[in-house]
There are 2 protein chains.
Amino acid sequence: MLELAILGLLKEQDLHGYELKKRLSETLGPLSSASFGSLYPALRRLEAAGALKAVEANELLVPARAVPMTGSLGGELAAFRARKPTRTSSGGRTKKVYGITTRGEELFHELLRTAGESSDDDRTFNLQLAFARHLDREARLGMLERRRAQLVERLTKARTAIRTGRDRLDMYTSSLMEHGTETTERDISWLDRLIAAEKRQEDQQ
Amino acid sequence: MLELAILGLLKEQDLHGYELKKRLSETLGPLSSASFGSLYPALRRLEAAGALKAVEANELLVPARAVPMTGSLGGELAAFRARKPTRTSSGGRTKKVYGITTRGEELFHELLRTAGESSDDDRTFNLQLAFARHLDREARLGMLERRRAQLVERLTKARTAIRTGRDRLDMYTSSLMEHGTETTERDISWLDRLIAAEKRQEDQQ
DNA sequence: GCTCCGATGTATCGAGTCGATATATCGACC
DNA sequence: GGTCGATATATCGACTCGATACATCGGAGC
């Protein structure tokens, strides 16, 4: 769900593709990554869906030297158009800054609520949690409980797999599975702390 | 690296697609998953590369009732050919059992050694470890150390991201990152135990 | 000044994966 | 006899990744 990440970041601030990519890999760290090969198509998809609009197409090709003091807008435009053909095809230093639309905000909340309902993908949940502040307490609690249930199920299956494959499993595989279940247990405890904190705040209102 | 998982499973036993899928999602659990949409193309790729060969195309369409006692092989074949066209296109209960070739064994070891050299993908490493028993101690130690280095780097980046984004981060995101770094720390400790065990055995020889 | 390099920036391509779906058979249960 | 769920192979469209192409800018070094 790259769309969710894009919309979430653009909700806070208008950004262009390259900057978006940097924030995805730095700020959101390994929670989302994403490459240009998926980012730019995603931006076009979202723009086509009316969730984004190109706020500003900042042509950095505009020379630094001052434009003649005629104040003529026509001259500006002519110069702009004249420069365009120098770009043989795509690319270059042209910035395309995107902003989120009302439709985009709606889509964002839609994705934030429903993503991860089917599919217990870790990265999707991380992304949802990273933007959980945009949800009301009830939806947030629902999301956390749903995730908890998924992890409990995963734990059950993992334990069954360990019990079933006893003896057949070599040292490395069993160590891997053991460590995996411990990690899942800790994830559940962590979720429980988040849920408890959420309910505490609910009571205090 | 679905190929690695397939080759690893077929190294132990000849299997057909559906059974392979079951083992991938049950035995190897959430370490690998894989869907039919990637499994069958992968099988065809491996077969085309000469890493696998179809050991047995078990036509379950063969009727259970005994063939007339003529002992005529020609009759058998004719009946077999006659039944074929009843399958309009693909699918059905026909089993195609695959076996690994010498070329496949080579490819397996190649993948086992080199996979995960670039890209610190968790699932790839898990898969490598699950088949680590097929490597010699030296290669195994190298693999573990390489993974350790990747996790340490990930930890450093994560800590920098937390320090950099202090204050700007809301409660949910910081909790997520905190929990992420703790998990990575535990992964490193676990790796250290595996490395230590490996070196202990090395000494005892 | 000049040139080369690395960061900035948009974009596409091929290959691989997923989830959904189509097709078909089998055994079991009512 | 008829439906249902498991077994089985296969493809489709949508999405993602990593590599690559193209293009410009700023600075470091000569």
Side-chain angles (χ1 to χ4, degrees), chain A residues 1-6 15-25 30 32-49 54 56-64 83-98 115 117-121 123-124, chain B residues 1-6 15-25 30 32-49 54 56-64 83-98 115 117-121 123-124:
Chain A
M1 275 298 133
L2 181 53
E3 265 101 340
L4 178 57
I6 293 174
L15 292 169
H16 55 98
Y18 192 82
E19 183 64 26
L20 218 32
K21 164 74 158 63
K22 282 209 314 197
R23 308 233 175 166
L24 282 172
S25 25
S32 175
S33 67
S35 65
F36 290 123
S38 44
L39 178 60
Y40 285 112
L43 284 173
R44 258 178 300 149
R45 276 199 308 275
L46 287 169
E47 193 178 17
E56 176 191 2
N58 190 359
E59 280 278 341
L60 290 191
L61 297 177
V62 172
R83 267 193 310 275
K84 269 260 168 161
T86 61
R87 292 193 294 140
T88 47
S89 61
S90 63
R93 198 68 181 278
T94 332
K95 257 190 215 166
K96 212 191 281 183
V97 179
Y98 289 98
E117 254 176 23
S118 55
S119 94
D120 61 345
D121 184 30
R123 290 213 304 284
T124 301
Chain B
M1 276 298 133
L2 181 53
E3 266 101 339
L4 178 57
I6 293 174
L15 293 169
H16 55 98
Y18 192 82
E19 184 64 27
L20 218 33
K21 165 73 158 65
K22 281 208 316 197
R23 308 231 174 167
L24 281 172
S25 25
S32 176
S33 67
S35 65
F36 290 123
S38 45
L39 179 60
Y40 285 112
L43 284 173
R44 259 178 300 148
R45 273 200 310 276
L46 287 169
E47 193 178 15
E56 178 192 2
N58 191 358
E59 280 278 343
L60 291 190
L61 297 176
V62 172
R83 266 193 310 276
K84 269 262 167 161
T86 59
R87 293 193 293 139
T88 47
S89 62
S90 63
R93 198 64 181 281
T94 332
K95 255 191 217 167
K96 211 191 281 183
V97 179
Y98 290 98
E117 256 176 22
S118 56
S119 95
D120 61 345
D121 185 29
R123 290 213 304 284
T124 300

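A note on names: the letters A, B, ... follow the listed sequences, proteins ahead of strands, and every chain is numbered from 1.
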**Asked** Within the pair B/Lys95 and C/dT25, is there a side-chain N or O less than 4.0 Å away from OP1 or OP2?
**Response** no
**Message:** Using a heavy-atom cut-off of 4.0 Å across all strands, would you classify B/Lys22 as base, sugar-phosphate, or nothing?
**Reply:** sugar-phosphate
**Prompt:** Over how many whole Å does the gap from B/Glu19 atom CD to D/dT9 atom C1' extend?
**Reply:** 15 Å
**Asked** CD of B/Glu47 versus P of D/dT9: gap in Å, rounded?
**Response** 12 Å
**Asked** Residues from residues 36-45 of chain A sitting under 4.0 Å of DNA chain C, heavy atoms only?
**Response** A/Phe36, A/Gly37, A/Tyr40, A/Arg44
**Asked** CG of A/Leu20 versus P of C/dG9: gap in Å, rounded?
**Response** 12 Å
**Request:** Working to the nearest 0.5 Å, report the span between NZ of A/Lys96 and CG of A/Leu15.
**Result:** 15.0 Å
**Message:** Quick check on C/dT10: is either OP1 or OP2 less than 4.0 Å from any side-chain nitrogen or oxygen of A/Tyr18?
**Reply:** no
**A/Leu2 side-chain proximity, nearest of D/dC17, C/dC18, D/dT16** = D/dT16
**Request:** Could you state the atom-to-atom distance from CG of A/Leu15 to C1' of C/dT10 in whole Å?
**Result:** 15 Å
**Fill in**
Residues B/Leu43 and B/Gly17: closest non-hydrogen pair is CD1-CA, 4.1 Å
**Request:** Write down the distance between NZ (A/Lys21) and C1' (C/dA11), rounded to a whole number of angstrom.
**Result:** 14 Å
**Request:** Sequence neighbours left out, what passes side chain to side chain contact (heavy atoms under 4.5 Å, CB included) with A/Arg123? Give chain and number order.
**Result:** A/Asp121
**Item:** With sequence neighbours excluded, residues passing side chain to side chain contact (heavy atoms under 4.5 Å, CB included) with B/Glu3
**Value:** B/Arg45, B/Leu46, B/Leu111
**Prompt:** Just how far, in rounded Å, is P of C/dG19 from CD of A/Glu117?
**Reply:** 16 Å
**Request:** Kindly give the heavy-atom pair with the smallest separation between B/Tyr40 and B/Tyr18, and that separation in Å.
**Result:** OH-N, 3.8 Å
**Complete:** One should read off an interatomic distance between A/Arg44 CZ and A/Tyr98 OH, to the nearest 0.5 angstrom, of 8.0 Å
**Item:** Interatomic distance where CZ belongs to B/Arg23 and C1' belongs to D/dA8 [whole Å]
**Value:** 16 Å
**Request:** Look at the side-chain N and O atoms of A/Lys96 and state whether any lies under 4.0 Å from the OP1 or OP2 oxygen of C/dA11.
**Result:** yes
**Integer-rounded Å distance: D/dT16 C1' and A/Leu4 CG** = 16 Å
**Asked** What is the minimum heavy-atom distance between A/Ala42 and A/Leu2, and which atoms define it?
**Response** CB-CD2, 3.9 Å
